[in-house]
Amino acid sequence: TVIGDFANMGAVNVLGSLVNAGTFYAVSTNSATTNAIINASSVTNKTGGLITSVLPAGGLAGFGNAIGNLSLTFMTQNLRNAGVISSAHDLNIVGTGGSLLVNNTGGTLSAVNNINISTPNAGKSDVLFVTGGNLLSQQLNLNASLAAINVAAQQISGLVNAVGTYAHIGALESSLNLGNINIVGDPTFWSTLDIVLTGPLLVQPLESLTYLAGRNIILDTKIGGIT
């Protein structure tokens with residue numbers, strides 16, 4: 001087990017790849033440091049591995065003043081998770097190049113608040129790609145900038161908000177709850193269970209919009225509508 005106090009060490013900058021097969025606790029003993037930032041060209045969390053800012057019950061010896069709402073941020077081009085990566089507040093995955101690959105097959109990404117995945121430097125030929133595993137949070141915020149979004153997860157527990165050029169977003173083992181959606185063209189949303197529309201959906205004129213549900217498509221009549 002490794003414990004890193006980000007109040008003292010600042011951001012962790014890894015030259016090359018970060019590989020974890022054990023337990024890594026990110027903590028902060030200073031209330032002014034609320035985000036643990038890890039920079040690496042790629043991140044691999046192997047089966048059984050845990051990277052977390054969630055304090056265990058009873059806390060950590062020697063870190064009794066650690067804050068309980070530390071966000072966790074990965075700045076990378078490629079994240080492979082077959083274990084658990086969890087945050088006590090937000091979990092942020094920020095692409096440092098054009099495309100971003102998040103392979104979560106067999107793994108769980110979770111946040112007490114929101115999971116935010118973004119590609120701020122992406123162009124039209126790039127893709128924000130998330131595959132497999134569980135995405136557990138209050139909201140899943142996907143911002144691909146000019147890139148396309150391709151998400152195929154086992155479970156997505158939170159409200160999905162998305163910005164991008166094209167989008168294919170779905171879940172195999174959970175309903176899909178859609179919030180604010182702003183996609184330039186041809187979005188497809190799918191779930192083997194229900195699709196629930198709870199926020200405004202903006203798609204460019206003359207573009208196709210597809211919903212594929214194993215059960216029901218539910219429209220909340222209070223939303224701003226589909227345009």
Side-chain angles (χ1 to χ4, degrees), residues 26 34-36 43 45 50-54 68-74 79 81-95 100-120 128-145 147-164 167-183 187-202 209 211-224 226:
T34 59
N35 190 13
V43 176
N45 189 41
L50 172 65
I51 302 175
T52 185
S53 64
V54 178
N69 62 336
L70 183 65
S71 292
L72 186 57
T73 296
F74 294 91
L79 188 147
N81 176 48
V84 174
I85 297 176
S86 59
S87 173
H89 191 60
D90 287 337
L91 175 59
N92 307 303
I93 303 172
V94 182
L100 171 64
L101 172 62
V102 178
N103 185 343
N104 192 42
T105 303
T108 294
L109 301 174
S110 70
V112 171
N113 194 40
N114 299 329
I115 296 175
N116 306 304
I117 305 177
S118 62
T119 53
L128 189 164
F129 190 79
V130 182
T131 182
N134 303 314
L135 305 172
L136 310 179
S137 59
Q138 294 186 39
Q139 295 187 36
L140 173 62
N141 298 312
L142 305 165
N143 191 334
S145 187
I149 300 172
N150 193 330
V151 175
Q154 292 296 117
Q155 296 186 58
I156 300 175
S157 65
L159 186 70
V160 177
N161 304 301
V163 176
H168 297 268
I169 301 172
L172 284 170
E173 298 177 359
S174 68
S175 294
L176 187 66
N177 299 290
L178 298 178
N180 295 316
I181 305 294
N182 188 343
I183 301 297
T188 298
F189 304 101
W190 59 270
S191 169
T192 57
L193 302 178
D194 297 330
I195 294 178
V196 183
L197 309 177
T198 63
L201 191 150
L202 177 62
L209 172 60
Y211 297 109
L212 302 172
R215 295 194 311 200
N216 301 313
I217 299 174
I218 303 168
L219 176 64
D220 186 338
T221 58
K222 299 187 295 295
I223 69 173
I226 300 173

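Everything numeric in this text was worked out from a predicted model, so none of it was measured. All heavy atoms count here, side chains included; hydrogens, waters and symmetry mates do not.
Ala88 and Gly68 get closest at one heavy-atom pair: CB-O, 3.4 Å. When all heavy atoms of Gln154 and Leu172 are compared, the closest pair comes out as OE1-CD1, 3.1 Å. Minimum heavy-atom separation, Leu135 to Leu140: CD1-CD2, 3.8 Å. Minimum heavy-atom separation, Leu209 to Pro187: CD1-CG, 3.5 Å. Gly95 and Pro120 get closest at one heavy-atom pair: O-CD, 3.6 Å. Heavy atoms only, all atoms of each residue included: Val160 and Leu176 are closest at CG2-CD1, 4.0 Å.
Expressed to the nearest 0.5 Å, how far OG1 of Thr119 lies from CG of Asn143 amounts to 7.0 Å. The distance from the CG atom of Asn104 to the CD atom of Gln155 is 11.0 Å, given to the nearest 0.5 Å. For the atom pair CZ (Arg215) and CG (Leu193), the distance works out to 4.5 Å, reported to the nearest 0.5 Å. The line from CG of Asn45 to CD1 of Ile51 is 4.0 Å long, rounded to the nearest 0.5 Å. Expressed to the nearest 0.5 Å, how far CG of Asn177 lies from CD1 of Ile156 amounts to 9.5 Å. Atoms OG and CD1, from Ser110 and Ile115 in turn, are 6.5 Å apart once rounded to the nearest 0.5 Å.
Here the side chain of Thr108 pairs no donor or acceptor atom with the backbone of Asn134 at under 3.5 angstrom. With Gln138 contributing its side chain and Leu159 its backbone, the two residues share no donor-acceptor pair below 3.5 Å. The backbone N or O of Asn180 sits less than 3.5 Å from a side-chain atom of Asn161, completing a donor-acceptor pair. Side-chain N or O atoms of Ser191 include one that pairs as donor or acceptor with a backbone N or O of Ser174 at under 3.5 Å. Remark: side-chain polar atoms of Asp194 are not paired, donor with acceptor, to backbone N or O of Ser175 under 3.5 angstrom. Side-chain N or O atoms of Ser145 include none that pairs as donor or acceptor with a backbone N or O of Ala147 at under 3.5 Å. Formation of a donor-acceptor pair under 3.5 Å by the Ser86 side chain with backbone atoms of Ala111 is not found in this model.
A heavy-atom distance below 4.5 Å is not found between the side chains of Tyr211 and Leu219. For the pair Thr52 and Val84, the minimum side-chain heavy-atom distance is 4.5 Å or more. Looking only at side-chain heavy atoms (C-beta outward), Leu72 and Leu70 stay at 4.5 Å or farther from each other. In this structure the side chain of Leu109 never reaches within 4.5 angstrom of the side chain of Val130, judged on heavy atoms. Two residues are said to be in side-chain contact when any heavy atoms from C-beta on lie closer than 4.5 Å; Phe189 and Val151 fail this criterion.
Under the side-chain hydrogen bond (donor to acceptor under 3.5 Å, both in side chains) criterion, Ser118 pairs with no residue at all, not counting sequence neighbours. Taking Asn113 as the reference, Asp90 meet the side-chain hydrogen bond (donor to acceptor under 3.5 Å, both in side chains) condition, with sequence neighbours excluded. A search for side-chain hydrogen bond (donor to acceptor under 3.5 Å, both in side chains) contacts involving Thr105 returns Asn103, not counting sequence neighbours.
Looking at Ile93, Leu100, Ile117 one by one, the single match for side-chain contact (heavy atoms from CB on, under 4.5 Å) with Leu79 turns out to be Ile93.
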For this session: Let me see the working for Asn35 and Ser71 under side-chain hydrogen bond (donor to acceptor under 3.5 Å, both in side chains), right down to the final yes or no.
Result: CA-CA 5 Å; Asn35 190 13; Ser71 292; 4.9 Å; no
